[in-house]
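First comes the structure, then the notes that go with it.
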2 protein chains.
Amino acid sequence: MAVTLKDVAELAGVSRSAVSRTFTVGASVSARTREKVEKAAKSLGYQPSLIARSLATSRTKLIGLVANNFQNPAFLDVFDLFTSELQKRELRPLLVNLSGETSPKKIVDLLRQYSVDGVIVATSTLPTSFATAFQAAGVPVIHTFGKFQANANVHVVGIDNIHCGAMAARTFAERSYQTVALLGGPESATSTQDRATGFLNLATELGLKVAKVCYADNYTYQSGREAMREVLDDARVEAVFCGDDLICMGAMDAARAAGKSIPEDIGFLGFNDIAMAGWDAYSLTTIRQPIRDIIMSSVELVVGMVENPGRSPEIRLFPCSVVDRGSLRPIAKS
Amino acid sequence: MAVTLKDVAELAGVSRSAVSRTFTVGASVSARTREKVEKAAKSLGYQPSLIARSLATSRTKLIGLVANNFQNPAFLDVFDLFTSELQKRELRPLLVNLSGETSPKKIVDLLRQYSVDGVIVATSTLPTSFATAFQAAGVPVIHTFGKFQANANVHVVGIDNIHCGAMAARTFAERSYQTVALLGGPESATSTQDRATGFLNLATELGLKVAKVCYADNYTYQSGREAMREVLDDARVEAVFCGDDLICMGAMDAARAAGKSIPEDIGFLGFNDIAMAGWDAYSLTTIRQPIRDIIMSSVELVVGMVENPGRSPEIRLFPCSVVDRGSLRPIAKS
DNA sequence: AATTTGTTTGCAACCGGTTGCAAAATTTTC
DNA sequence: GAAAATTTTGCAACCGGTTGCAAACAAATT
């Protein structure tokens, strides 16, 4: 069925090696041979088989992307950028949907079977051990959106969640909020923990009163909406820092349903800056993660690791910024 | 580095074939041999290489998913379901991001190089010829969300867009709207054309006046918002049928910004039923595509095609339904 | 023209599995 | 217990490429 090296070689009247070489960049072939081969290949519609090549070279040009948050619009950007960045480099993404599964064992085996050249673990909820499991299996791995820790033994690309938490506290202080609340993402997520830490620490330091601390069960609108009920119990809360835009939008709607207006009665600060944050109905002030930079850098790094596996673990942190829209009152003039 | 068949065979004291057979379901191995092999394999941490297996069997267990609409939240479901359905069957998704590229040539070559077992083209905007290009190259293909046409020569799984367009007209009529507008998705998309046809035909038949017909440039909130301006020019319009929820939400916000209230001054009917349609701020009445069924059926079908390539082209259409929320006035009692 | 140097080419082994076939081992039948 | 039937096993070829090596060729040097 498929046309192979051999067919092309016979038609062109050369050896199989010659054909292989014309399709390998930097190999030694004379102009005349190359021409003959290319002509033959074209006339037969020859396509080299990457599978066979992979077997011989032990490079598959496959990069695994493992994610566990397929329902969050923030991941639309991730998928989009990840696939197009890989495509530029003639690599292919192999998607793994974790959904639930949190033990790395099976996933590592699975990606090893496919002999992926590298893996990007794109999730902010899993512990570092998930990524190191790949490393232990000899698979180059990057933990994108992962928890950054000084003594890293794995590559991490992302943001400093502790710092971002603090940024939220500062944002509230600048706008003279005094009594605030934290409505985090799922409590088990490392990113939630770090943001909470950063937020609570700086809040106390700045003299803010954190009247409520609660967590949504999921990164969803519904969970945010429900979790907000608890915050609404305390009438003193002037502003809420949410662990995720989606959760935040749910929370905003819960507040509105309770008759509060935003930002007059209660302010909201989100996280991620998903597309919907800019919609009129929410006009959400939020902390933006530079997803584009993070993904581009991750892909670059994973490619670098494939070429040079000995590379020592690197942490790449990108700055976040507050995108000012309409869900908080303006900065106090002083 | 990696441990191979040979290593396991030597340790277990059997031939390579024996090892291969214990890892192939339905192959003939005695219990004693199997046991020895499994023990040896475990102790070495052996994982069969799918690449090598693919070369020998010419099955890669890779299914290509080609999409071009990575920014639409509707695709979150698609990615989620697609990956998890494949995973259940021990298959892997290979993602291709079309973004812009509309000529099938390159994409077909690319997926042929990876020898994917099958391809799902998941887009409602491309012509059937895109899918048939795969077919011509001998790759089992399904056009999911594709244009259905009676004399199909390619498998199609999706909805009847003409019928859905008509459903929109009927929905308006039932609620006694008289002057309506169509705000479609990109005009070049086959789905847009079909929905428009169905809508306009039944609208005239039912005596509805379609005062405006216009199209958004993209499946985005922004495009919807802009395109809505043209509709607003005509003050008689009582309700708008939008080609996509995202577009619709942009349009709703444009209407509100112009001081109209929904559904009192103007009604909206969306398409797709993305998660955000259920958010309080929009509470969008919309036509739901059963994405879950469509994807599950597509995966099933592509698997079937891999097993039986001779299968004749099939069209699988799923019914859509109106999800009644708050963006249209209630059905007139009669 | 002979020698040296540098390129191109084909051979053959290899990557890590699968599988048809025939021999060997086991089980069933009489 | 021998013959027949069945199951298990190893051999060796194959899947479609790559690549080290040495032979063949071409160009440069003396």
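What you see below is based on every heavy atom in this structure, not just the backbone, and it leaves out hydrogens, waters and symmetry mates. Every chain is numbered from 1, with letters handed out A, B, ... down the list of sequences.
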Among dT26(C), dT18(D), dT9(D), the one nearest Thr24(A) by side-chain distance
dT18(D)

Quick note, Ser30(B) side chain, CB onward, closest among dT18(D), dT9(D), dT9(C) is dT9(D)

Between C1' on dG16(D) and CD on Gln113(B), what's the gap in Å once rounded to a whole number?
13 Å

Aromatic centroids of Phe79(B) and Phe79(A) separated by under 6.0 Å
yes

Considering only side-chain heavy atoms of Thr4(A), which listed nucleotide, dC15(C), dG17(D), dT18(C), is closest?
dG17(D)

Testing the 3.5 Å rule here: is there a donor-acceptor pair between the side chains of Asp80(B) and Asn97(A)?
yes

Residue Ser28(B), side-chain atoms from C-beta onward, closest of dT18(D), dT18(C), dT8(D):
dT8(D)

For Val19(B), report the nucleic acid contact type (base, sugar-phosphate, nothing); a contact means any heavy atom under 4.0 Å.
nothing

dG10(D), OP1 or OP2 - any side-chain N/O from Ser17(B) closer than 4.0 Å?
no

d(CD, Glu10(B); P, dG17(C)) in whole Å
13 Å

It should be established whether Ser49(B) places a side-chain nitrogen or oxygen under 4.0 Å from OP1 or OP2 of nucleotide dG16(C).
no

Heavy atoms of Asp194(B) and Lys147(B) approach each other most closely as OD1-NZ, 2.8 Å

Round to the nearest Å and state the distance from Arg21(A) atom CZ to dT19(D) atom P.
9 Å

